[in-house]
**Student:** 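Below you will find the structure I want to go over with you.
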Amino acid sequence: MRLRNKPWAQKLVQEHPEAILNQPDPEKKIDWKSRFDDFSKPLAIEIGSGKGQFITTLAKNHPEMNFIGIELQTTAAGMILRTKLEEGIDNLQLMCADAANIAMFLPENSADIIYLNFSDPWPKTRHEKRRLTYKSFLREYQTVLKDDGHLEFKTDNQGLFEYSLVSMNNYGMKFDFLSLDLHHNESEIAQNNVETEYEHKFAAKGNPIYCLHASFK
């Protein structure tokens with residue numbers, strides 16, 4: 001969902017290059033070690049962070065980890081940045097960029113977890129290559145993830161979930177967790193679930209939340 005342009009968000013992004021990378025050049029290496037107090041901590045990345053409820057909650061709850069939120073819309077990124085600054089979330093960095101180039105922005109084998117939450121389903125067949133679980137994106141994630149890292153995916157869109165299962169299976173990924181109704185699942189994973197803004201809205205309408213965890217090894 002595209003947000004209405006907010007001039008204050010654009011301005012905030014421009015004023016805080018130490019906290020957010022705005023449309024970085026994929027051919028220029030990013031010095032992530034200088035952007036975190038300790039880059040050796042486990043690293044989690046969320047692609048498509050929206051307004052940031054998920055990534056900011058996780059970062060506050062897990063100071064022993066580092067987090068990177070990647071969001072294409074500058075307005076949305078600015079909203080996350082405002083929360084980060086107001087609440088002093090030092091273990092969170094943001095990047096306003098296209099995730100199709102994620103392997104050019106991050107070191108190989110650097111991430112422990114990649115989160116895909118309520119991604120745009122791009123339902124038309126001609127837009128298949130834009131889906132964040134299309135094989136070209138999976139290749140990027142595999143490059144960035146550590147050998148023992150994994151991908152966590154949530155959606156309320158049954159079509160996208162079914163597509164993602166097939167895409168990941170065809171790519172040779174292994175499924176560690178599957179749920180067709182996460183909010184009525186009794187597993188520990190479900191009990192520790194952190195909601196996104198969209199997830200809360202969709203679940204309140206009675207929509208089932210589909211979830212999977214998958215790895216490349």
Side-chain angles (χ1 to χ4, degrees), residues 1-3 21 23-24 26 43-56 58 67-77 79-80 93-106 108-146 149-180 182 193-199 201-202 207-216:
M1 182 180 297
R2 181 162 292 278
L3 299 172
L21 291 156
Q23 303 299 337
L43 175 65
I45 300 167
E46 184 186 22
I47 297 175
S49 295
K51 297 178 183 178
Q53 177 175 302
F54 178 85
I55 195 73
T56 56
L58 275 186
F67 294 85
I68 297 174
I70 300 176
E71 172 55 49
L72 184 59
Q73 295 186 60
T74 306
T75 293
M79 296 173 75
I80 308 170
Q93 281 282 319
L94 303 170
M95 181 162 61
C96 190
D98 189 339
N101 298 315
I102 187 174
M104 300 184 73
F105 295 129
L106 288 149
E108 291 186 17
N109 305 313
S110 61
D112 296 85
I113 307 171
I114 290 178
Y115 297 105
L116 303 177
N117 291 320
F118 299 87
S119 310
D120 191 328
W122 293 105
K124 295 182 180 179
T125 302
R126 69 175 184 271
H127 293 151
E128 178 187 7
K129 293 182 179 180
R130 298 185 183 184
R131 298 172 193 161
L132 294 186
T133 51
Y134 182 67
K135 60 184 178 181
S136 62
F137 283 95
L138 298 180
R139 190 177 306 118
E140 295 284 309
Y141 308 152
Q142 184 177 21
T143 299
V144 170
L145 281 170
K146 296 177 182 176
H150 71 281
L151 181 73
E152 298 189 10
F153 171 73
K154 290 192 293 185
T155 183
D156 74 316
N157 188 291
Q158 182 178 351
L160 179 61
F161 189 73
E162 292 173 350
Y163 171 85
S164 301
L165 285 173
V166 173
S167 179
M168 292 180 191
N169 182 67
N170 290 343
Y171 198 85
M173 297 180 71
K174 297 179 180 179
F175 299 104
D176 308 308
F177 175 79
L178 289 171
S179 176
L180 303 181
L182 181 65
N193 178 55
V194 174
E195 291 187 358
T196 74
E197 298 94 345
Y198 292 136
E199 180 176 357
K201 180 177 69 173
F202 296 146
N207 295 13
I209 304 300
Y210 305 93
C211 179
L212 68 81
H213 294 186
S215 56
F216 291 95

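Basis for what follows: all heavy atoms, side chains included, without hydrogens, waters or symmetry-related copies.
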**Student:** Sort out for me which residue in Leu145, Val144, Thr143 forms a side-chain contact (heavy atoms from CB on, under 4.5 Å) with Ser110.
**Tutor:**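 It is Val144, the one option of Leu145, Val144, Thr143 that forms the side-chain contact (heavy atoms from CB on, under 4.5 Å) with Ser110.
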**Student:** For a 4.5 angstrom cut-off between non-hydrogen side-chain atoms, does Tyr141 reach Ile47?
**Tutor:**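 When only atoms from C-beta onward are counted, Ile47 and Tyr141 do touch, with a gap below 4.5 Å.
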**Student:** Angle class for the His127/Trp122 ring planes (parallel below 30°, perpendicular above 60°, tilted otherwise)?
**Tutor:**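 If you compare the ring of His127 with that of Trp122, the planes turn out perpendicular.
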**Student:** How far does CD1 of Ile45 sit from CD of Gln93, to the nearest 0.5 angstrom?
**Tutor:**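 Rounded to the nearest 0.5 Å, the CD1-CD separation comes to 12.5 Å.
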**Student:** What class does the angle between the rings of Tyr198 and Phe202 fall in, given that below 30° is parallel, 30 to 60° is tilted and above 60° is perpendicular?
**Tutor:**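 Parallel: the ring planes of Tyr198 and Phe202 meet at under 30°.
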**Student:** Are the aromatic rings of Phe161 and Tyr210 close, with centres under 6.0 Å apart?
**Tutor:**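 When the ring centroids of Phe161 and Tyr210 are compared, they turn out to be within the sub-6.0 Å range.
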**Student:** Classify the side-chain pair Asn117/Glu199 by whether it contains a donor and acceptor separated by less than 3.5 Å.
**Tutor:**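 Short answer, no.
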**Student:** Hey, what do you get for CZ (Phe105) to CG (Leu21), rounding to the nearest 0.5 Å?
**Tutor:**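 Phe105 CZ to Leu21 CG: 9.0 Å, rounded to 0.5 Å.
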**Student:** Just by modelled atom types, is the Thr133 backbone N or O under 3.5 Å from a matching donor or acceptor in the Ser167 side chain?
**Tutor:**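 Such a contact is found between Ser167 side chain and Thr133 backbone.
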**Student:** So, the side chain of Glu197 versus the backbone of Gly52: is there a donor-acceptor pair under 3.5 Å, distance only?
**Tutor:**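 Looks like yes, one N/O pair under 3.5 Å.
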**Student:** Between OG1 of Thr196 and CD of Gln53, what distance do you get to the nearest 0.5 Å?
**Tutor:**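 Rounded to the nearest 0.5 Å, the OG1-CD separation comes to 7.0 Å.
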**Student:** Out of curiosity, Ile80 CD1 to Thr75 OG1, how far, rounded to the nearest 0.5 Å?
**Tutor:**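 Rounded to the nearest 0.5 Å, the CD1-OG1 separation comes to 11.0 Å.
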**Student:** So if I apply the side-chain contact (heavy atoms from CB on, under 4.5 Å) rule between Leu151 and each of Met168, Gln142, His213, which one comes out positive?
**Tutor:**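 Between Leu151 and the candidates, side-chain contact (heavy atoms from CB on, under 4.5 Å) is satisfied uniquely by Met168.
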**Student:** Which residue pairs pass the salt bridge (Lys or Arg N to Asp or Glu O under 4.0 Å) test when at least one of the two sits in residues 130-141, sequence neighbours left out?
**Tutor:**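 Output for this query is empty, none listed.
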**Student:** Judged by modelled atom types alone, do Lys201 and Asn207 share a side-chain donor-acceptor pair under 3.5 Å?
**Tutor:**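 On atom types as modelled, these side chains do not qualify, holding no pair under 3.5 Å.
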**Student:** To the closest 0.5 Å, what do you measure between CZ (Phe153) and OG (Ser164)?
**Tutor:**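 Phe153 CZ to Ser164 OG: 3.5 Å, rounded to 0.5 Å.
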**Student:** Using a 3.5 Å distance criterion without hydrogens, assess whether the side chain of Glu71 forms a donor-acceptor pair with backbone atoms of Ser49.
**Tutor:**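 Between the backbone of Ser49 and the side chain of Glu71 there is a qualifying donor-acceptor contact (under 3.5 Å).
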**Student:** I need the Leu43 CG to Leu106 CG distance, nearest 0.5 Å.
**Tutor:**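 Here the rounded value is 7.0 Å.
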**Student:** Is a side-chain donor-acceptor pair under 3.5 Å present for Thr125 with Glu128?
**Tutor:**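 On atom types as modelled, these side chains do not qualify, holding no pair under 3.5 Å.
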**Student:** Is the backbone N or O of Leu160 less than 3.5 Å from a side-chain atom of Asn157, with the two atoms forming a donor-acceptor pair by type?
**Tutor:**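 Pair found, side chain donor or acceptor close to backbone of Leu160.
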**Student:** Does the side-chain contact (heavy atoms from CB on, under 4.5 Å) test come out yes or no for Leu165 and Phe175, once each step is laid out?
**Tutor:** CA-CA 9 Å; Leu165 285 173; Phe175 299 104; 3.8 Å; yes
